[in-house]
Amino acid sequence: MDRKKMTRRNFIGITAAAAAGSVTVPAFMGCGPVETGPATLAQSGIEKSPTSKKAFEASMIGPVRLKNRIIRSAVSMNGIDDAGRPTEALLGHYADVARGGAGAIITGMLDTGMMIDDYRYKDEYFSSYKKVPDVIHSHNVPAIQQISHRGRQKNLDESGDFFVNKVNERSIEEMIDLFVRAIVISKRLGFDAVQLHGAHGYVLSDFLSPARNGRDDRWGGSTDNRFRVIAEIFRRARKKAGNYPILIKINAYDNRRNGMRVEEAVRIARLLESAGCAAIEVSCGVMDDGFSTVRVTEVPVDALVEFSKYRRLPSPVKAVMPAIVPLIARRFEPLENYNVAAAREIAGAVSIPVIVVGGIRNRGDINAILESGAADFVSMGRPFIIEPDIVNRLRKGPGAKSACINCGYCIMAANSTEVRCFYGTL
Ligand SMILES: Cc1cc2nc3c(=O)[nH]c(=O)nc-3n(C[C@H](O)[C@H](O)[C@H](O)COP(=O)(O)O)c2cc1C
């Protein structure tokens, strides 16, 4: 590799290229310290509730009935082929998760054909994509389509040409209309609801973020202005899709200087409630933070190299990476329940359902989270990769827990190959 090109941005690109769009990846310096809340549920004053039955009660998100309160969070499995068709592996995975007891399934943004900045977003693809809601429904589970626009967080192989601070009015208007179009198509395809991806540094989260959004027109500045793009999506979607339920995933905080913080997320949650949002899923982190959204026990250097163009680096360069990368790639703790404290703040401020994601791994914690009112639903990502039937497994008893070891290899695979559990080895 040309050493001059090994700038910090390129280095970040190692991970960005590997981890693709959904995902939060390595992590380098320059982040402001952030108070992310207490490390454990007990420190948050959330007590155990071993006899609770709440996790397996039926409950509603808007008009959508879920048979329990454990949701499969959006996870891109990289299961859409170049013609926009879901692969057999993806359909099989959704069938396994639905059969395995999930209360609802939120599709991965890369697996939807609904990346609205993506070439796959073409009408002719949607007839085959309809197999996704159909297979989920065949097991009597609601299907929720995640819709996203990557904005600046494209793979660094591609051009990140949609910078919130640089786009003109016309492009913003077009983007809003594309979101609305995706909502209308999702409804037509039979999805029970959609979820806007407003977290993790993708375009909607960039509009919301005080750190990313430096605009001084009606799309930036005050909270209301930063929220305007989302308000417009809701307003225009109502006209075209009636009361079709629209959820959103937002960051309660990131690790950027002057970035998103819980107090601001609470204000945004109130605006979302007023806009008619059906439920808010609480997450954290942007790609530049590092392993904040998807937390890992240690930085997965070999996966990071393997699943990017950097696997073609000369061997001597690759050989030193295990020593160097962990020194500059940030990982975050705690590994479990890391958005619960933030979700509790948000749940206390709104009366629409709140879903919390991030390191939720066992039945005891789920009981405690739900009974405390910190959230109305929990969602999980990686546990469904290693055990698609994790929800049925959690039914087995109070000590039941996920087998996920938080190695992070799956997130590194997400852009270049079909996602599976690697269990810490390539
Ligand atoms: C392989 C992989 C792909 C992901 N894809 C998405 C995605 O498409 N959209 C999204 O909002 N989050 C995505 N995420 C983040 C998860 O939804 C979730 O927020 C995160 O993994 C933390 O939850 P967990 O600890 O239960 O895995 C992805 C995570 C992984 C591991």
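Order of listing sets the numbers, starting from 1, for every ligand and every atom in it. All values below were derived from every heavy atom in this structure, side-chain atoms included, with hydrogens, water molecules and symmetry-related copies excluded. The first residue of the sequence shown is numbered 1, and numbering continues consecutively from there.
- Each of the following atoms of ligand 1 lies closer than 4.0 Å to a heavy atom of Pro383: 26 (O).
- Residues Asp254 and Asn251 bring no donor and acceptor atom of their side chains to less than 3.5 Å of each other.
- Using a cutoff of 4.0 Å between basic side-chain nitrogens and carboxylate oxygens, Lys67 and Glu57 are not scored as salt-bridged.
- Residue-level proximity to ligand 1 for His200 is carried by the side chain, the only part with a heavy atom below 4.0 angstrom.
- Using a 4.0 Å cut-off between a side-chain N of Lys or Arg and a carboxylate O of Asp or Glu, Glu232 and Arg235 qualify as a salt bridge.
- Considering backbone and side-chain N/O of Val357, none are found under 3.5 Å from N/O of ligand 1.
- Under a 4.0 Å criterion applied to the non-hydrogen atoms of Ser73, ligand 1 contributes the atoms 17 (O).
- With a heavy-atom cut-off of 4.0 Å, Met77 does not touch ligand 1 at all.
- Ser283 and His200 share a side-chain donor-acceptor pair at under 3.5 Å.
- Summarising the contacts of atom 11 (O) of ligand 1 with Gln146, Arg382, Met109, the nearest heavy atom is found in Gln146.
- Remark: Glu273 does not engage Arg270 in a salt bridge, criterion side-chain N to carboxylate O under 4.0 Å.
- Residue Thr293 approaches ligand 1 through these ligand atoms, each under 4.0 Å from one of its heavy atoms: 20 (C), 22 (C).
- Side-chain atoms of Tyr129 and Gln145 form a donor-acceptor pair, as typed in the model, at a separation below 3.5 Å.
- Annotation for ligand 1: atoms under 4.0 Å from non-hydrogen atoms of Cys410 are 1 (C), 31 (C).
- In summary, the side chains of Lys249 and Ser73 do present a donor paired with an acceptor at a separation below 3.5 Å, with no hydrogens or angles considered.
- For atom 26 (O) of ligand 1, the candidate residues are Ala414, Gly108, Ala413, Gly381; the nearest heavy-atom contact is made by Gly381.
- Salt-bridge check for Arg331 with Glu333: passed, with a basic side-chain N closer than 4.0 Å to an acidic carboxylate O.
- Neither the backbone nor the side chain of Ser148 comes within contact range of ligand 1; no heavy atom lies under 4.0 Å.
- A side-chain donor from one of Ser52 and Glu371 sits under 3.5 Å from a side-chain acceptor of the other.
- Between Ser292, Ala199, Gly285, Ala74, it is Ala74 that holds the heavy atom closest to atom 17 (O) of ligand 1.
- Under the 4.0 angstrom criterion for non-hydrogen atoms, Val294 is in contact with ligand 1.
- Between Leu110 and ligand 1, no N or O atom pair is found at a separation short of 3.5 Å.
- Taking the charged nitrogens against the carboxylate oxygens, Asp289 and Arg330 have no contact shorter than 4.0 Å, which rules out a salt bridge.
- By the 4.0 Å heavy-atom criterion, Tyr338 is counted among the residues contacting ligand 1.
- The closest approach between Arg361 and ligand 1 falls below 4.0 Å for a heavy atom of the residue.
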